[in-house]
A.B. asks: 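I have a structure I would like to understand better, so I am pasting it below and will then ask my questions one at a time.
Because the structure is a prediction, the values reported are computed rather than measured.
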Amino acid sequence: MHRLAAVLATAVITAGVLAGCGGEDNWAKKCSTANGVVECAPDQRTPVKPVSGELLDGGAYDLSQDKGKVVVVNFWGSWCAPCRAEADDLENTFQATKDKGVTFLGVNSRDDKDAAREFERGRVTYPSLYDFDGKVGLQFDVTQMSTPATLIIDRQGRIAVALRQATTETQLKPLVERVAAEGNG
């Protein structure tokens, strides 16, 4: 019964996130949107609030530890078929861009921890936060996100791009490289 209550609470939180909690993201209104991809010019980007949580394999993570890097954040679940389809593309993009000051972080939600670990094993080499109840996802203060979804956070800790759908290496890699090429200024 406790598990059912947790699932129902998660559904309510997720419904609020997907419904936009009353409207479209304020930051997204200032940006261009096409085919589920929101891109923001540097002067239109909104800073991400502090984000921290428990890593899927143990330990803690705080987004501030990656300040000065481009951080690609992917929201996923082992139960999600599109997440399975995009996993190789995410890992390939991570490997292709990590030497450019780019790091990746997964946010696993509404999932059994063992199933999530098994899903990641052999698929991705970057860490994931375990976020069964959606609280970490809410820390990003981005509404109208679904699973899967991906954020690209610039070196100043601002949301540069939001992909509100599954992605491919062909789509993601140029976006990540463009944000990484902006430098530190």
A.B. asks: So which atom in V136 and which in G53 form the shortest heavy-atom distance, rounded to 0.1 Å?
C.D. replies: CG2-CA, 4.4 Å

A.B. asks: Determine all donor-acceptor pairs shorter than 3.5 Å in which one atom belongs to a side chain in residues 171-180; sequence neighbours excluded.
C.D. replies:
residue: Q171; atom: OE1; partner: T167; partner atom: OG1; Å: 2.7
residue: E177; atom: OE2; partner: K100; partner atom: NZ; Å: 3.1
residue: R178; atom: NH2; partner: E39; partner atom: OE1; Å: 2.8

A.B. asks: For V72 and T103: C-alpha separation, side-chain torsions, deciding distance, then whether side chain to side chain contact (heavy atoms under 4.5 Å, CB included) applies.
C.D. replies: CA-CA 6 Å; V72 179; T103 191; over 6 Å; no

A.B. asks: Quick check: do V73 and V71 have side-chain heavy atoms less than 4.5 Å from each other?
C.D. replies: yes

A.B. asks: Spell out, as yes or no, whether a donor-acceptor pair under 3.5 Å connects the side chain of R158 to the backbone of P47.
C.D. replies: no

A.B. asks: Hey, is the main chain of S146 close enough, under 3.5 Å, to the side chain of Q165 for a donor-acceptor pair?
C.D. replies: no

A.B. asks: Roughly how far, to the nearest 0.5 Å, is OH of Y61 from CG of L129?
C.D. replies: 7.0 Å

A.B. asks: Do L105 and N74 make a side-chain contact, defined as non-hydrogen atoms from C-beta onward lying under 4.5 Å apart?
C.D. replies: no

A.B. asks: With a 3.5 Å cut-off and sequence neighbours excluded, list the donor-acceptor pairs that the side chains of residues 89-96 form with protein atoms.
C.D. replies:
residue: D89; atom: OD1; partner: E169; partner atom: N; Å: 3.1
residue: E91; atom: OE1; partner: T125; partner atom: N; Å: 2.8
residue: E91; atom: OE1; partner: T125; partner atom: OG1; Å: 3.4
residue: E91; atom: OE2; partner: Q95; partner atom: NE2; Å: 2.7
residue: E91; atom: OE2; partner: T125; partner atom: OG1; Å: 2.8
residue: N92; atom: ND2; partner: D88; partner atom: O; Å: 3.2
residue: N92; atom: ND2; partner: E169; partner atom: OE1; Å: 3.4
residue: T93; atom: OG1; partner: D89; partner atom: O; Å: 2.8
residue: Q95; atom: OE1; partner: K98; partner atom: NZ; Å: 2.9
residue: Q95; atom: NE2; partner: T125; partner atom: OG1; Å: 3.1

A.B. asks: Please report the shortest heavy-atom distance between S109 and T147, naming the atom on each side.
C.D. replies: OG-OG1, 4.0 Å

A.B. asks: With heavy-atom distances below 4.5 Å as the criterion, would you say the side chains of C80 and P148 are in contact?
C.D. replies: yes

A.B. asks: Holding to side-chain contact (heavy atoms from CB on, under 4.5 Å), I want the full list of residues that pass it with A60, two or more places apart in sequence or in another chain.
C.D. replies: none

A.B. asks: Given side chains that start at C-beta, do those of V48 and I153 come closer than 4.5 Å, heavy atoms only?
C.D. replies: yes

A.B. asks: Within a strict 4.5 Å, meaning less than it, do heavy atoms of the D154 and E182 side chains meet?
C.D. replies: yes

A.B. asks: S52: which residues meet the side-chain contact (heavy atoms from CB on, under 4.5 Å) condition with it, sequence neighbours left out?
C.D. replies: D62, Q139

A.B. asks: Suppose we screen for salt bridge (charged side-chain N to carboxylate O under 4.0 Å, His left out). Which residues come up paired with D99, at least two apart in sequence or across chains?
C.D. replies: none

A.B. asks: Any chance you could lay out the side chain to side chain contact (heavy atoms under 4.5 Å, CB included) test for I159 and T46, step after step, and finish with the verdict?
C.D. replies: CA-CA 6 Å; I159 300 171; T46 301; 5.7 Å; no

A.B. asks: Please tabulate, for the side chains in residues 113-120, all donor-acceptor contacts under 3.5 angstrom to protein atoms that are two or more places apart in sequence or on a different chain.
C.D. replies:
residue: K113; atom: NZ; partner: E54; partner atom: OE2; Å: 2.6
residue: D114; atom: OD1; partner: R117; partner atom: NH1; Å: 3.4
residue: R117; atom: NE; partner: L56; partner atom: O; Å: 3.1
residue: R117; atom: NH2; partner: L56; partner atom: O; Å: 3.2
residue: E118; atom: OE1; partner: R121; partner atom: NH1; Å: 2.4
residue: E120; atom: OE2; partner: S128; partner atom: OG; Å: 2.5

A.B. asks: Are any non-hydrogen side-chain atoms of F140 and L151 less than 4.5 angstrom apart?
C.D. replies: yes

A.B. asks: Can you list every pair that meets ring pair (Phe, Tyr, Trp, His ring centres under 6.0 Å) and has a residue in residues 37-59, with sequence neighbours left out?
C.D. replies: none

A.B. asks: Residues in side-chain hydrogen bond (donor to acceptor under 3.5 Å, both in side chains) with N108, at least two apart?
C.D. replies: D111

A.B. asks: Looking only at atom types and distance, does a side-chain atom of R45 sit under 3.5 Å from a main-chain N or O of C40, one as donor and one as acceptor?
C.D. replies: yes

A.B. asks: Heavy atoms, side chains only, cut-off 4.5 Å: are V38 and R164 in contact?
C.D. replies: yes

A.B. asks: Answer yes or no: is there a donor N or O on one side and an acceptor on the other, between the side chain of W79 and the main chain of R110, under 3.5 Å?
C.D. replies: yes

A.B. asks: According to side-chain hydrogen bond (donor to acceptor under 3.5 Å, both in side chains), who are the partners of T97, at least two apart in sequence or on a separate chain?
C.D. replies: none

A.B. asks: Taking side-chain hydrogen bond (donor to acceptor under 3.5 Å, both in side chains) as the definition, give me every residue that meets it alongside K67, ordered by chain and number, with sequence neighbours left out.
C.D. replies: none

